[in-house]
Amino acid sequence: MATELRLQRAEDMHNDSDETAAAPGKAGRLRTRALSGLGSLLPFARPLPPADWGQIDCARVLKVLVRNLDGMVFRCALDAEWTLHFASEGCHALTGYWPEELEGSHAISLERMTHPDDRAPTRQAIMAAVAGGSRYRVEYRLRGKDGSEKWVLERGAGVIDERGERVLEGFIEDVTEQVRGQRQLAETELRYRSIFENSVVGMFQTTADGHYLAANRALAQLYGYETPANLVASLRDIAARLYVDPGRRDEFARLISERGRVIDFESEVYRADGSRIWIAESAHAVHDGAGALLYYEGTVEDISERRQYQARLEHQATHDPLTGLPNRNLLQDRLSQAVALARRSGGRVMVAFVDLDNFKFVNDSLGHAAGDTLLVESARRLRASLRGIDTVARYGGDEFVLILSDHASLNHAVNALERVKQAIAKPVLIDGHELRVDCSIGVSLYPEDGADLDTLLRHADIAMHHAKEQGKGQFQFFTDVLNTAAHERLALESSLRRAIDGGELSVVYQPKVDPYGTPCGFEALVRWESPEFGSVSPVRFIPLAEETGMILPITDFVLRNACREAASWSARGLCAEAGRLNVAVNLSARLFKDPQLPAQIAAVLAESGLPAQRLELEITESLLIGDVEQTVAALEALKALGVRIAIDDFGTGYSSLAYLKRFPVDILKIDRCFVMECERGGEDMAIPRAIISLGHSLRMCIVAEGVENPAQMAVLAAHGCQEFQGYLIARPLTPEGVAAFLQGERR
Ligand code: C2E
Ligand code: CA
Ligand code: CA
C-alpha cells in the first residue's frame with residue numbers, strides 16, 4: 001500500500017511529461033525508461049546500489065504504475081472506430097467501462113464515445129499529427145457508460161507496433177474541472193468587459209498622476225468625446241483639463257488615500273466642447289500585492305439635472321413664488337449673517353418692516369389678480385430703490401422686510417427709506433386704474449433694539465404699527481432716541497421756516513483784534529431764539545437750513561444786518577478806527593457757487609452804504625476741493641465787487657497747501673482746534689507755524705480763531721499771526737454790546 005501510494009504521487013508528477021504517453025513499442029525499452037525515470041522521481045525511496053537494479057521486476061512496476069495512473073493509457077488502431085488494442089485500468093474511472101469491455105470492441109469505441117460534434121475536429125487534429133510524424137494534443141468531450149459527459153485531454157503520437165502496423169498510443173485524462181474553470185473565467189471576463197463597455201454608467205481607470213488607463217463608451221459620451229480612445233488620448237491631465245476647480249483631483253486622491261474609497265464625490269467638470277456639467281464619482285484604489293497603488297477605478301454619474309433640481313428646490317424653499325423675493329426662511333439667514341457681520345465690525349443693521357397701506361382695498365375691490373400685480377410691482381420698486389447688498393424679502397401678505405447694513409451713517413439709511421417710500425408712492429396702473437399706494441415703515445436697529453432676529457423683527461413690526469397709527473406713508477423707528485431725533489428735526493424744520501419771518505433770528509458780532517489788542521473787525525454770527533426750543537446753535541440749524549434751501553433767506557438776513565451795522569459803527573464814530581473796522585459774514589457752501597450771489601451782495605452793499613473793502617466773506621476750506629477753474633471763477637466774481645475772501649476753519653479740510661496759491665484769497669483763519677493747545681509749543685505749534693509761514697509767503701492775513709488765553713495769543717503773535725478772535729477778547733456781542741466794546745476801547 002505504501003509503495004503504491006508513493007508510486008501514485010510520483011506518477012502525478014510524471015503525468016506532466018509526455019514520456020508516459022509516448023510509450024515505446026518494445027517492452028525492454030519501456031522497462032529501462034520507466035526505471036530510469038522512476039529512480040530520479042523517488043527521492044523518498046530507499047536508495048538501491050546500482051548493482052541491485054537488475055533484480056527489480058520492471059514488468060510489475062510498470063503494471064502498478066500504469067494501473068494507478070489517473071487517466072487511461074491506450075493503444076488503438078487508426079481505423080474509423082479508433083478500435084482499442086489496449087486500455088489501462090484508468091479507463092474505468094474515465095469511461096465507466098473496464099478494459100475488457102473496451103479492448104477490441106467496435107460497439108464501445110473511442111469514436112463512439114466522443115461527442116458527435118467533436119469527432120471530426122478530433123480526428124482531423126490526430127491524423128494531421130500522425131501524417132506529420134509529430135505528437136498531438138487534443139481536447140474533446142467524452143461520453144461514458146452512464147451517459148455523463150467529460151472534457152478530456154488526449155495526448156499521444158502515431159507509432160509502429162510489434163507487427164509493423166501504424167497505431168496510436170497515448171494517454172487520455174479527465175480535464176473537466178480545468179475546462180470548466182477556464183470557461184467560467186473566460187465567461188466572467190467577457191461578462192465584465194461587456195458590463196464595462198455597455199454600461200450606461202461612465203467607468204474609468206486612471207493613474208495616480210492623472211492619466212486615463214481605460215474609459216468606457218458611457219464616460220466618453222458623458223464627457224463629449226466620440227470614442228473612449230479619444231477621451232483617453234485627449235484628457236492627458238485630469239486635474240487641469242477635467243475639473244473646473246483643479247484642486248478637486250487632489251481632494252479626490254486625498255479622500256481615497258484616507259478612506260480607501262470615495263462615494264458620490266461631486267464636482268463640476270468640463271466637457272470636450274468646454275461646456276460644464278456636474279458629476280458624482282464613486283471610486284477606489286487598486287493596489288498590487290506589495291500594497292503599491294496601481295490605479296484608481298470607479299464610476300461617474302451625470303448629476304447636472306439633480307443639481308439643477310436641487311437648486312430649484314432650494315430656490316423654492318427660500319423664495320416667494322409670486323414676487324421671486326427671498327421668503328421668511330432666507331430672511332432669517334440673511335439677517336443672522338448681517339448681524340454676525342455687524343457684531344464683528346461694530347456696525348449697525350437696520351431692519352425695516354414695510355406694509356402697503358391700501359393693499360386690502362385693492363385686493364377687495366379689484367380682485368386677487370390685481371392684488372398680485374400690485375405686490376409684484378411693489379417688490380420690483382423696493383428692489384430698485386435699494387442697493388444690491390441690501391435684502392428685500394416678502395414676509396407675508398402685503399408685508400415686506402428690508403435689511404440694510406453697512407450704511408455709512410444712519411442718515412444714509414434714512415434716505416434709503418425715504419427713497420423706498422417715494423418709490424412705492426408713485427402711481428401704479430392696474431387694469432386701467434391708476435392707483436396710488438402708500439406704505440408704512442417700522443424700523444429697528446441692531447444693536448440698539450435687539451441682538452437677535454426675533455427681537456429685531458418684533459420691534460420693527462411694533463414700530464410699523466405705530467407708524468400706521470400716525471397716518472399713512474410714515475416711517476417710525478423703534479428706538480426712541482432716533483424717533484426723537486427724527487421728530488425734532490421735523491419740528492425744527494417747520495419752526496425755522498417761521499423763525500425767518502417771525503423775527504426770531506438775530507446777529508451777534510465777535511470782535512477780532514491785532515497783536516496790540518486794537519479791534520480790527522467783527523465776525524457776524526447768526527442766532528436763533530426759538531419760543532419752542534430756546535436758543536438753537538447754528539451748528540444745529542445751519543446744516544438743516546442748507547438742506548432745505550432756507551440758507552438763502554438766512555444769509556440774506558445776516559448780510560443785510562452785518563452791512564448795516566458795520567456802516568453804523570463809522571457813522572456813529574464809535575471809536576477812532578471805526579471807519580476801518582471790517583465785518584465778516586459766513587457764506588455757506590451751497591450759496592458760494594450761486595451765480596446770483598455777487599449781484600445780491602452788491603445790492604446789499606449799495607443799500608447799506610458800506611464800502612466793499614470792509615466786507616469779508618468767510619468760506620470753508622472744503623470749497624477749494626473740486627473743480628479748481630470753477631472755484632477760481634466764482635472767487636474772482638466776488639472779488640470783483642471789492643470784498644475780501646477768508647478761508648474759514650483752515651487746516652481741517654483736505655486741501656493741499658500747495659494749491660492755495662491758485663486761489664485769490666486774502667485771509668486764512670487758523671481753525672480753533674490748532675489754536676487750542678498751541679501754547680505748549682513743539683508739535684502743537686507745527687501746524688499753526690506752517691499755516692502762518694505759507695500764508696505770509698502768499699501775502700495773506702492770518703487770523704487765529706478760538707483764542708482763549710494770553711499764552712496762545714502770545715505764542716501765535718510771536719510767530720507772526722496778525723489777528724486774534726476768541727473768548728479771550730470777547731464772546732459774540734449784540735449790537736449794543738459791540739457799541740459798548742468799542743466805546744470801552746476808546747476810553
Ligand atoms: P465759525 O464760523 O467757525 O464761527 C466761530 C464759532 O466759534 C462761533 O460759534 C463762535 O461763537 C465760536 N467761538 C468763537 N470764539 C471761541 C472761543 O474762544 N472758544 C470757543 N469754544 N468757541 C469760540 P457759533 O456762533 O456757534 O457758530 C458756529 C458755526 O456756525 C460757525 O463757525 C459757522 O460755521 C456757522 N455759522 C454761524 N453763523 C452763520 C451764518 O450767519 N451763516 C453761515 N453760513 N454759517 C454760520
Ligand atoms: Ca466763521
Ligand atoms: Ca471758524
Side-chain angles (χ1 to χ4, degrees), residues 496 499-500 504-513 519 521-529 534-566 582-594 597 600-601 604 615-623 638 644-653 665-679 688 691 701-713 716 721 723-734 737-738 741:
L496 187 58
I500 298 169
E504 294 168 22
L505 296 184
S506 63
V507 182
V508 290
Y509 302 89
Q510 188 174 32
K512 293 182 285 180
V513 297
F522 291 83
E523 178 179 358
L525 295 161
V526 70
R527 290 291 174 264
W528 178 20
E529 197 61 42
S535 67
V536 186
S537 161
V539 177
R540 257 176 80 194
F541 71 84
I542 292 291
L544 185 65
E546 283 178 342
E547 277 171 45
T548 54
M550 284 186 273
I551 191 67
L552 195 74
I554 291 174
T555 305
D556 191 60
F557 173 81
V558 176
L559 195 63
R560 275 173 205 285
N561 275 276
C563 290
R564 197 185 321 119
E565 193 59 30
N582 298 323
V583 71
V585 171
N586 292 286
L587 213 57
S588 138
R590 279 271 300 250
L591 289 181
F592 173 66
K593 284 177 186 169
D594 182 348
L597 189 68
Q600 191 189 346
I601 293 173
V604 174
L615 178 66
E616 289 169 10
L617 298 174
E618 295 191 3
I619 56 173
T620 57
E621 189 187 359
S622 59
L623 283 177
L638 290 173
R644 298 202 304 158
I645 308 283
I647 304 294
D648 205 355
D649 307 340
F650 192 76
T652 54
V665 169
D666 309 278
I667 301 156
L668 284 188
K669 294 184 81 172
I670 305 175
D671 191 74
R672 191 161 66 84
C673 68
F674 301 116
V675 171
M676 237 149 40
E677 283 167 341
C678 73
E679 71 270 30
I691 296 174
C701 172
I702 311 296
V703 182
E705 56 180 9
V707 179
E708 294 184 351
N709 62 54
Q712 289 166 350
M713 188 162 162
L716 289 166
C721 186
E723 294 185 8
F724 305 87
Q725 179 184 6
Y727 296 168
L728 173 68
I729 294 104
R731 297 212 166 221
L733 306 165
T734 58
V738 172
F741 177 82

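Remember, it's 1-based here, ligands and their atoms both numbered in the order they're listed.
- Scanning all protein heavy atoms for the shortest distance to atom 11 (O) of ligand 1 gives P732 CG, 3.5 Å.
- Which of L505, V585, L525 comes nearest to atom 4 (O) of ligand 1 through a heavy atom is settled by distance: it is L525.
- Under the 4.0 Å distance rule, the nearest protein heavy atom to atom 32 (O) of ligand 1 falls outside the cut-off.
- With waters left out, the protein N, O or S atoms under 3.0 Å from the Ca ion (ligand 2) add up to 4.
- For ligand 1, the polar-atom distance check finds an N/O of E708 within less than 3.5 Å of one of the ligand's N/O atoms.
- A salt bridge is absent between E616 and K669: the closest approach of a Lys/Arg side-chain nitrogen to an acidic carboxylate oxygen does not fall below 4.0 angstrom.
- Only the side chain of D648 comes within 4.0 Å of ligand 1, counting heavy atoms alone; its backbone N, CA, C and O stay farther away.
- For atom 42 (N) of ligand 1, the closest heavy atom belonging to the protein is N586 O, 3.5 Å.
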Mind running side-chain contact (heavy atoms from CB on, under 4.5 Å) on F592 and L617 for me, showing each step along the way?
-> CA-CA 10 Å; F592 173 66; L617 298 174; over 6 Å; no
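- Below 3.5 Å of separation, one finds an N or O of E523 facing an N or O of ligand 1.
- The nearest protein atom to atom 24 (P) of ligand 1, hydrogens excluded, is given as P538 CG, 3.8 Å; this is a heavy-atom distance.
- Of all the heavy atoms of Q510, the ones lying under 4.0 Å from any atom of ligand 1 belong exclusively to the side chain.
- In this structure, the side chains of E529 and S506 stay at 4.5 Å or more apart for every pair of heavy atoms.
- The side chain to side chain contact (heavy atoms under 4.5 Å, CB included) with C563 is formed by just one residue from the set L615, I601, V558; it is L615.
- For atom 3 (O) of ligand 1, the closest non-hydrogen atom of the protein is D649 OD1, 3.3 Å.
- Of the protein's heavy atoms, V539 CG2, 4.4 Å lies nearest to atom 29 (C) of ligand 1.
- Neither the backbone nor the side chain of R731 comes within contact range of ligand 1; no heavy atom lies under 4.0 Å.
- Given atom 18 (O) of ligand 1, the protein heavy atom at minimum distance is Y727 N, 2.8 Å.
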Between F724 and I729, does a side-chain contact (heavy atoms from CB on, under 4.5 Å) hold up when you go through it step by step?
-> CA-CA 8 Å; F724 305 87; I729 294 104; 4.0 Å; yes
Stepwise side-chain contact (heavy atoms from CB on, under 4.5 Å) check, F674 with L716 | CA-CA 11 Å; F674 301 116; L716 289 166; over 6 Å; no
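- Residue V526 places at least one N or O, backbone or side chain, under 3.5 Å from an N or O of ligand 1.
- Of the protein's heavy atoms, V558 CG2, 3.5 Å lies nearest to atom 41 (O) of ligand 1.
- Ranking the protein heavy atoms by distance from atom 7 (O) of ligand 1 puts R672 NE, 4.7 Å first.
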